[in-house]
Protein chains: 2
Amino acid sequence: MLEKNKISIDSSIENLISIHPLLSKSFTKSIRTKTNLNPGSLYVLGVLRRHDILSMSEIGCKLSMPKPHVTSLVDKLIAEDMVERLLDPKDRRIVNIRITEKGIDDFNAIKLEISQELRIRLEKLSAEKLDILAEASKQIKDILIEMELSYNGSSTCCK
Amino acid sequence: MLEKNKISIDSSIENLISIHPLLSKSFTKSIRTKTNLNPGSLYVLGVLRRHDILSMSEIGCKLSMPKPHVTSLVDKLIAEDMVERLLDPKDRRIVNIRITEKGIDDFNAIKLEISQELRIRLEKLSAEKLDILAEASKQIKDILIEMELSYNGSSTCCK
DNA sequence: AATAATACTTACAAAAATATAACTATTATT
DNA sequence: AATAATAGTTATATTTTTGTAAGTATTATT
């Protein structure tokens, strides 16, 4: 590991640790007040929006949630017809969860709702900063998703 | 509002909504397993690390926490000598909280602890991606902190 | 001077997340 | 065939967070 890379890693960690509670502030409260889903169920819906189909274990792994919690969150989403259970024909122990059309529509609507306050604050930024934010947020999202995938494949997750 | 800005805002929101649970996954679990602070207390410590002194109301505002919760989280930090109460000489209703030297040291140590897993994953990234991540995360942090401040000044917060 | 508003605390209830153990059904190993 | 391992569920307890109401001390308003 090069010295230059170490510096990049250190400052990335420093920045990401600061970003986390700031984003949390932006979204968690709106999820509670503006939707009838709890935050956990919405995160499950979000990860299914990205992957379409995941087993119960994979969901728990990707969101670092204990399995029993995943069960209860998925139960709520099923009650709302946002996701559905599919039995895996190759291994009948596995329960695959797929997001439904309604789930996709609802998720998009919820995203609009919970981002209203953030949108108001973003509208006050300069055009230049908005450009920077759009580009930087895309880069971080892509890298985190890439890491999520590689992490998932390792032995430390979904053991 | 220009059409170009709208597009930047929409895609920023889309990206930030995806980033949030991915970061949450990275940190929340390590906070529980590797520290004896609950996540809330650590967020309070983090915001005090950035601002040095804040009143109880300001802390609650910046972290979108109900006041009674702030009281209990600050109590825990005081018990650990990480922060201290200061009476405001100009308005004796106000309780200002200041991070101590020990609080700063502890926070830095905790940051190292809770970022270990993330560090392992970051080390697998290419040098090019690490550069991008370091730069992008700094840009986002700066913009979110700038918004935090302006948000704080508006009438919608700390009412 | 009396009243209202503010900052904070205390007390309590409820929602959400976490952790653990026990259990069923299925698949893999021996 | 017997045993072990895996995927998921159920049940239960604990921690963390949220929300609300009431109360104290102080400051601002009238």
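Note that the structure is predicted; figures quoted are calculated from it, not measured. Residue numbers start from 1 in every chain, and the chains themselves are labelled A, B, ... in the order their sequence lines are given, proteins ahead of strands. As a basis for the values below, the full set of heavy atoms in this structure was taken, side chains included, without hydrogen atoms, waters or symmetry mates.
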*Asks:* In the structure shown, which nucleotide is the Watson-Crick or G-U wobble counterpart of dT30(C), with both distances under 3.5 Å?
*Replies:*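 Across all strands, the one nucleotide that pairs with dT30(C) is dA1(D).
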
*Asks:* Out of dC8(C), dT27(C), dA16(C), which has the shortest distance to the side chain of Lys67(B)?
*Replies:*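 Selected nucleotide (nearest to the side chain): dC8(C).
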
*Asks:* Taking atom CG of Leu87(A) as the centre, does the number of heavy atoms from other residues, nucleotides or ligands within less than 6.0 Å exceed 12?
*Replies:*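 No, CG of Leu87(A) has 12 or fewer neighbouring heavy atoms, counting only those of other groups under 6.0 Å.
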
*Asks:* Please pick, from dT9(C), dT26(C), dG19(D), the nucleotide with the shortest atom-to-atom distance to any side-chain atom of Met56(B).
*Replies:*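 My answer, after comparing the listed nucleotides, is dT9(C).
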
*Asks:* Applying the 4.5 Å side-chain criterion to the ILVMFWY set and letting contacts propagate, would Leu77(A) and Ile94(A) be lumped into a single cluster?
*Replies:*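 No, no single cluster joins them.
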
*Asks:* Quick check: on DNA chain C, is the nucleotide nearest Asp91(A) upstream (toward 5') of the one nearest Ser41(A), or the reverse? Name the residue that is more 5'.
*Replies:*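 Here Ser41(A) is the residue nearer the 5' end.
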
*Asks:* Does Thr71(A) put a side-chain nitrogen or oxygen below 4.0 Å from OP1 or OP2 of dT9(D)?
*Replies:*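 Yes, Thr71(A) has a side-chain N/O under 4.0 Å of OP1/OP2 on dT9(D).
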
*Asks:* Calculate the interatomic distance between Arg32(B) atom CZ and dT17(D) atom P; express it in whole Å.
*Replies:*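 It works out to 7 Å between those atoms.
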
*Asks:* In whole Å, I'd like the distance from the OH atom of Tyr43(B) to the C1' atom of dT16(D).
*Replies:*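 Interatomic distance, OH of Tyr43(B) to C1' of dT16(D): 11 Å.
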
*Asks:* Just to confirm, is there a sub-4.0 Å distance from OP1 or OP2 of dT9(D) to any side-chain nitrogen or oxygen of Arg85(A)?
*Replies:*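 Answer yes for this pair, as a side-chain N or O of Arg85(A) is under 4.0 Å from OP1 or OP2.
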
*Asks:* Considering only heavy atoms from C-beta outward, does the side chain of Leu118(B) approach that of Ile9(A) to under 4.5 Å?
*Replies:*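 Counting from C-beta outward, Leu118(B) and Ile9(A) never come under 4.5 Å.
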
*Asks:* Less than 4.0 angstrom from a charged side-chain N to a carboxylate O is my criterion; do Lys4(B) and Asp131(A) meet it?
*Replies:*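 Yes.
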
*Asks:* With a 3.5 angstrom cut-off on both distances, give the Watson-Crick or G-U wobble partner of dC12(C), or none if there isn't one.
*Replies:*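 WC or wobble partner is dG19(D).
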
*Asks:* How long is the line joining CG of Leu54(A) and P of dA7(D), in whole Å?
*Replies:*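 My rounded result for the distance is 14 Å.
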
*Asks:* Taking atom types as they are modelled, is there a donor-acceptor pair under 3.5 Å from the base of dT6(D) to the side chain of Arg93(A)?
*Replies:*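 By the distance-only test, yes, there is a pair.
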
